[in-house]
Structures are given as C-alpha cells and as structure tokens.
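This report concerns only the one structure given below.
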Protein chains: 2
Amino acid sequence: MIFSSELIKGTLKTIVLKQLEANGRMYGYEITQRVKELTFDKIQITEGALYPTLHALEADGLVVTETEYIGKRIRKYYSLSPKGKTKIEEKLSEMAEFMETMKFLLDLKPI
Amino acid sequence: MIFSSELIKGTLKTIVLKQLEANGRMYGYEITQRVKELTFDKIQITEGALYPTLHALEADGLVVTETEYIGKRIRKYYSLSPKGKTKIEEKLSEMAEFMETMKFLLDLKPI
DNA sequence: GCAAATGCATAATATTCTTATGTATATTGC
DNA sequence: GCAATATACATAAGAATATTATGCATTTGC
C-alpha cells in the first residue's frame with residue numbers, strides 16, 4: 001500500500017528534518033531513497049515536492065547547505081542549523097501529541 | 001496547544017466521516033463542537049474548511065443529507081451512505097498504518 | 001552503446017486549507 | 001428590552017503545499 005498523498009501532506013518538512021537529524025548530512029536524492037527504504041516503499045517523496053521544501057527550509061534558516069562535485073555531477077548536502085535542531089524537537093513532540101489525539105478521536109485500535 | 005494547521009491537513013475528511021460513523025446523524029456546527037470538545041480544543045475545525053468538505057463528501061456520494069427547520073433556523077443533517085461506511089473503514093485502517101509508519105520513521109517514543 | 005539510475009531544478013495545475021465576509025436566527029446576561 | 005454571544009448555514013480570495021510534467025546532465029550496469 002502506498003499512502004494516499006493527502007495523508008502525507010503537512011508531514012514532509014518533519015520527515016526531512018528528522019532524516020537530517022538522524023543522519024547528519026544528506027543530499028536530496030538520498031533523502032527520497034532513505035525514506036522509501038525505511039518505509040518499504042510506502043512513502044515515496046517526489047522530487048517536485050522535495051526540492052521546493054528543501055529550499056523553503058533553507059530560506060527559513062532551518063538547514064544549511066554545502067555543494068560538492070562528485071566527478072562532474074553536483075551534489076547539494078543539507079544539514080540542520082542550530083535553529084533547525086530546535087525546530088525538529090518541537091515538530092516531533094507536536095507530532096507525537098497529534099498522533100495521540102488522532103488515535104483517541106478516531107478510536108483506533110493498536111494494530 | 002492548538003495543532004499547527006498543516007498537521008491537520010489531509011485528515012479532515014477522515015475526522016468528519018468518523019464522527020458521522022460514531023454518532024449516526026450530525027449537522028455541520030455540531031461536528032465542529034464535538035471535535036473541539038473531544039480534543040480539548042486542540043483541534044478546531046473552521047467553517048471555511050468544514051462546509052466545502054461536507055459538500056465534497058456529498059458530491060462523492062459518501063454522505064447523504066436531510067434538511068430540517070429548528071424554529072426558523074435551518075439545520076442540515078449529514079449521515080453516512082453505504083459507500084461512506086465502506087470508505088471510513090478504509091480510511092481508518094490506512095490512518096492506523098500511516099501512524100505506525102510515521103512512529104517508526106520519526107522514531108517517536110510513547111508519550 | 002543504451003537503458004536505467006543518479007541528481008539537480010522549475011512550471012503549470014490541483015487540492016485543501018486560512019481568513020474574511022455575508023446572512024440570519026436564537027439565547028443569555030444584565 | 002437589548003446587546004453580546006452562540007448557533008447555523010454559506011462562499012470567495014488568497015496562501016500553502018502537493019502532483020504531474022518537463023528539462024538537463026552525468027554515471028552505472030549489462
């Protein structure tokens with residue numbers, strides 16, 4: 001099952017920031033592959049969604065970038081800024097509480 | 001804490017359908033109040049979000065409506081159609097699996 | 001050598017929400 | 001009695017964020 005896109009809406013920034021927190025330094029394509037792998041293909045981040053999101057995170061000062069060349073091919077690494085490190089903590093605890101709330105509201109049984 | 005709106009994105013239809021499943025027959029304003037109450041004000045559905053959603057659910061054949069007058073004031077009741085009953089089951093199991101996936105992906109500890 | 005994978009990016013479009021606005025009736029507090 | 005609040009519907013402009021499509025270029029695997 002691939003999750004319907006509307007479910008993933010609003011969680012993309014959190015997912016990206018979390019990956020950067022967990023792995024230190026990542027480039028865009030790597031993030032999509034890691035998430036795909038970790039979720040057994042259930043969450044596939046499209047490039048059209050990812051890159052604008054990364055640019056927005058950078059504009060907000062939550063991530064910083066370094067560009068490297070691998071041969072002739074460019075690779076843009078992203079990592080959390082101090083502001084980003086604070087932000088991901090906030091996002092995670094908000095998400096945890098949101099999920100508890102939804103579990104109650106939707107009367108979800110543990111699966 | 002009121003959840004940031006982006007978190008709630010994509011979950012509104014599920015919330016509405018679930019309330020109708022749980023309570024049989026409800027009108028719009030009632031849904032907003034019930035959800036506000038059940039979540040201790042953490043989720044507040046705005047009218048600008050709710051009514052278009054209800055209309056969309058009706059257009060998709062997931063809910064049916066009956067209009068009543070309470071005094072001179074109109075009240076539009078919504079209830080699940082058979083199609084809606086199937087749909088909410090699907091939505092709930094998808095949501096449950098999504099939440100498990102997110103819990104793992106974001107490495108969330110039980111709170 | 002050619003297809004698939006890697007790697008970046010943007011643009012048009014769709015969806016779905018916020019915020020603002022509109023209309024009207026009913027109830028509550030003073 | 002009357003003003004403020006609550007009830008109850010609805011739509012519209014705008015913002016945010018995703019999808020889908022497209023573009024370009026390099027590298028790897030067979």
Side-chain angles (χ1 to χ4, degrees), chain A residues 2-17 19 25-37 41-60 62-63 65-78 91 95 98 102, chain B residues 2-17 19 25-37 41-60 62-63 65-78 91 95 98 102:
Chain A
I2 296 175
F3 294 123
S4 71
S5 59
E6 56 175 26
L7 262 187
I8 301 173
K9 269 183 213 294
T11 62
L12 185 53
K13 276 184 190 169
T14 305
I15 292 172
V16 168
L17 291 174
Q19 284 307 303
R25 203 176 80 124
M26 298 178 88
Y27 53 98
Y29 186 75
E30 187 185 9
I31 296 173
T32 66
Q33 296 309 301
R34 178 64 61 96
V35 170
K36 183 169 143 73
E37 198 182 301
D41 294 9
K42 281 179 283 195
I43 296 181
Q44 302 195 16
I45 302 176
T46 60
E47 294 170 296
L50 178 68
Y51 291 112
T53 294
L54 284 172
H55 300 160
L57 291 174
E58 191 180 8
D60 287 347
L62 301 175
V63 300
T65 63
E66 307 162 77
T67 300
E68 281 185 21
Y69 279 88
I70 307 296
K72 283 184 184 172
R73 191 150 64 191
I74 205 169
R75 191 178 276 180
K76 200 164 160 189
Y77 279 98
Y78 291 82
K91 287 248 178 207
M95 179 65 83
F98 178 67
M102 286 300 285
Chain B
I2 297 176
F3 295 122
S4 71
S5 59
E6 54 175 27
L7 262 187
I8 301 173
K9 269 185 211 294
T11 62
L12 184 53
K13 276 185 189 170
T14 305
I15 291 172
V16 169
L17 291 174
Q19 285 306 304
R25 203 177 77 126
M26 299 178 86
Y27 53 98
Y29 186 75
E30 188 184 8
I31 295 174
T32 66
Q33 297 308 302
R34 179 65 61 96
V35 170
K36 182 169 142 73
E37 197 182 300
D41 295 9
K42 281 179 283 196
I43 295 181
Q44 301 197 16
I45 301 176
T46 61
E47 295 169 296
L50 178 68
Y51 291 112
T53 294
L54 285 172
H55 299 161
L57 291 174
E58 191 179 8
D60 286 347
L62 301 175
V63 300
T65 64
E66 307 162 76
T67 300
E68 279 185 20
Y69 279 88
I70 307 296
K72 284 184 181 172
R73 191 152 64 192
I74 205 169
R75 192 178 275 180
K76 200 164 161 189
Y77 280 98
Y78 291 83
K91 287 249 180 207
M95 179 65 84
F98 178 68
M102 287 300 285

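We name chains A, B, ... by the order of the sequence lines, and we start the count at 1 in each one. Keep in mind that this is a model prediction, so the values were computed, not measured.
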Over how many whole Å does the gap from [X] atom [atom1] to [N] atom [atom2] extend?
X: B:E68; N: C:dT25; atom1: CD; atom2: C1'; result: 17 Å
X: B:M26; N: D:dA8; atom1: CE; atom2: P; result: 12 Å
X: A:I15; N: D:dA18; atom1: CD1; atom2: C1'; result: 13 Å
X: B:L12; N: C:dT15; atom1: CG; atom2: C1'; result: 13 Å
X: B:I43; N: C:dC17; atom1: CD1; atom2: C1'; result: 14 Å

Exercise for the section: Check step by step if side chain to side chain contact (heavy atoms under 4.5 Å, CB included) holds for B:V63 and B:L54. Expected result: CA-CA 8 Å; B:V63 300; B:L54 285 172; 5.6 Å; no

Minimum heavy-atom separation for [X] to [Y], with atom names?
X: A:I8; Y: A:T11; answer: O-OG1, 2.5 Å
X: A:Q19; Y: A:M26; answer: O-SD, 3.5 Å
X: A:E30; Y: A:R25; answer: OE1-O, 4.1 Å

Problem - Pairwise distance CD1(A:I15) to OG1(A:T32) - rounded to 0.5 angstrom - result: 12.0 Å

Completion exercise
Here the gap from B:L57 atom CG to B:L17 atom CG, rounded to the nearest 0.5 Å, amounts to 5.0 Å

Completion exercise
The contact string for nucleotides 3-9 of chain C, one letter per nucleotide 5' to 3', using protein heavy atoms under 4.0 Å with B, S and - for base, sugar-phosphate only and none, comes out as --SBSBB

Completion exercise
Against the side chain of B:A49, the closest entry in C:dA26, D:dT17, C:dC17 is C:dC17

Handout entry: Inter-end axis angle, the helix from C:dG1-D:dC30 to C:dC30-D:dG1, with every axis fitted to five base pairs (rounded, 10 degrees)
Key = 30°

Completion exercise
Exactly one of B:Y51, B:Y77, B:Y78 clears ring pair (Phe, Tyr, Trp, His ring centres under 6.0 Å) with B:Y27, and that residue is B:Y77

Practice task
Apply side chain to side chain contact (heavy atoms under 4.5 Å, CB included) to A:F98 and B:I43, showing your working.
Solution key: CA-CA 9 Å; A:F98 178 67; B:I43 295 181; 4.2 Å; yes

Exercise for the section: Verify the contact: side-chain N or O of A:T53 to OP1 or OP2 of D:dT17, cut-off strictly under 4.0 Å; return yes or no. Expected result: no

